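Because the structure is predicted, anything quoted here is derived from the model rather than measured.
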Amino acid sequence: AFEPASGVLCDTVAVRVNGEPCGVAESATLTKPCPEEPAWRYRVPLAALRDGHNAIELQSKTALTVSWVEIAIRPMVG
């Protein structure tokens, strides 16, 4: 999630996990506990994930404040 004052739009931030691009952002509705700020979801290629630590990189066109980062693994539907 990003601080509202950052004015983050879906095309403002590029996300990579362990160097692999995560594609286009989707608006996300998180379950509690979570921040109140607007949140975005990025699909991470399964091959990018590693056992143990994973590096999440953000590249932004503007200055922003990140208030929450989470990796959630969910089964694919369909």
Side-chain angles (χ1 to χ4, degrees):
F2 304 105
E3 293 290 334
S6 299
V8 173
L9 301 173
C10 65
D11 64 347
T12 305
V13 180
V15 176
R16 292 178 175 268
V17 172
N18 298 321
E20 295 293 325
C22 296
V24 180
E26 303 168 7
S27 180
T29 302
L30 304 176
T31 56
K32 298 290 182 186
C34 68
E36 297 298 322
E37 296 85 14
W40 300 96
R41 174 178 293 126
Y42 297 82
R43 294 183 185 270
V44 178
L46 187 56
L49 296 175
R50 301 180 185 145
D51 288 337
H53 298 281
N54 287 276
I56 300 171
E57 305 166 60
L58 305 172
Q59 276 190 320
S60 176
K61 297 176 182 176
T62 61
L64 58 88
T65 301
V66 177
S67 61
W68 185 281
V69 175
E70 174 180 318
I71 293 178
I73 300 174
R74 298 187 178 107
M76 291 187 66
V77 177

Checklist entry - Is the number of heavy atoms from other residues, nucleotides or ligands within 6.0 Å of CG (Leu46) greater than 12? => result no

Next on the checklist: Check whether Asn18 reaches the backbone of Ala55 with its side chain - one donor and one acceptor, N or O, closer than 3.5 Å.
Outcome noted: yes

Next on the checklist: Ignoring hydrogens, what is the shortest heavy-atom contact between Tyr42 and Cys22? Give both atom names and the distance.
Outcome noted: CB-CB, 3.8 Å

Checklist entry - Can you tell me how far CD of Glu20 sits from CG of Asn54, rounded to the nearest 0.5 angstrom? => result 11.5 Å

Item to check | With Arg16 via side-chain contact (heavy atoms from CB on, under 4.5 Å) - residues at least two apart | outcome: Pro21, Glu57

Next on the checklist: Counting C-beta onward and ignoring hydrogens, is there a side-chain heavy-atom pair between Leu30 and Pro35 closer than 4.5 Å?
Outcome noted: yes

Checklist outcome for this item: Note: Val17 and Ala48 closest approach over all heavy atoms is O-CB, 3.7 Å

Item to check | Heavy-atom closest pair, residues Pro33 and Trp68 | outcome: O-CH2, 3.4 Å

Item to check | Any side-chain heavy-atom pair of Val15 and Val44 under 4.5 Å | outcome: no

